[in-house]
Amino acid sequence: MSDALHIAVFASGKGSNFLAILQAIEDGKIPNARVVLAISNNSDAGALSIAREHNIPAIHLSQKQFATEELFTGALMETLSRHRVNFIALAGYMKKLPAEITRTFRNRIVNIHPALLPAFGGKGMYGMHVHDAVIASKAKQSGATVHIVDEEYDHGQIVLQRAIHVEENETPESLALKVLTIEHEIYPEAIRLFAEGKVATNGKRITILSNS
Ligand code: GRF
């Protein structure tokens, strides 16, 4: 068994993926892991309320509170270190992480994206834009992807992916609901792989040792 995961969740919005992760931990589905911190750039984020309801430190940290990007990065790094964070899960975080964070936590940051990457990813592909683009393309499948976060949007290696069928009469709204349901399944599953030491790092790449 590897070291326990001390997870910081970064979220900007309502936090349903964050809640799915918390519930999986509380249900014993992710042994060896706990969420030690929630960070949001948005003081109104539902994710911060969810954290407070679960007695998890909830911190509003935004670039706008600091005179320079360096000071913001320093505050983030200090907060992560003070809470002994060793793993980061982005759950609807709408900002790009500073490069110092992606470097320091290389292969220890994951994100969930509401499509089958590398399709329908990259800058501007977030929220309903993704589902609009999938429907417009007449793709027969969509889904969700958990991937490693590196310096580029939606670019790092894929940890887990699950596909769903796009129906003939599918709308972006109905697709979003279906995709969100599978997000709530695969995000906790992906974190469990890390918690159980089933993700090995070989230089820059990760390998999933087993998915049972
Ligand atoms: C999800 O669709 C996720 O794929 C994307 O942002 C959304 C966050 O939703 N990265 P929630 O805040 O977890 O409900």
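In listed order, ligands and their atoms are each counted from 1.
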So, does G15 sit close enough to ligand 1 that a heavy atom of it is under 4.0 Å from the ligand?
yes

Does CZ belonging to R84 count more than 12 external heavy atoms closer than 6.0 Å?
no

Do the non-hydrogen side-chain atoms of I101 and L80 ever get within less than 4.5 Å of each other?
yes

Compare all side-chain heavy atoms of T171 with those of H131 and state whether any distance is below 4.5 angstrom.
no

Looking at I112, which atoms of ligand 1 are within less than 4.0 Å of one of its heavy atoms?
3 (C), 4 (O), 5 (C), 10 (N)

S16: numbered ligand 1 atoms lying under 4.0 Å from its heavy atoms
11 (P), 12 (O), 13 (O), 14 (O)

Of the protein's non-hydrogen atoms, which lies at the shortest distance from [atom], and what is that distance?
| atom | answer |
| --- | --- |
| atom 1 (C) of ligand 1 | E183 OE1, 3.0 Å |
| atom 9 (O) of ligand 1 | N17 ND2, 3.9 Å |
| atom 6 (O) of ligand 1 | G92 CA, 3.4 Å |

Across all chains, not counting sequence neighbours, the ring-ring contact (aromatic ring centres under 6.0 Å, His included) partners of F66 are F72

Salt bridge E151-R106, side-chain N to carboxylate O under 4.0 Å:
yes

Do F87 and F194 make the cut of ring centroids closer than 6.0 angstrom?
yes

Below the 3.5 angstrom mark, is there an N/O of N111, backbone or side chain, next to an N/O of ligand 1?
no

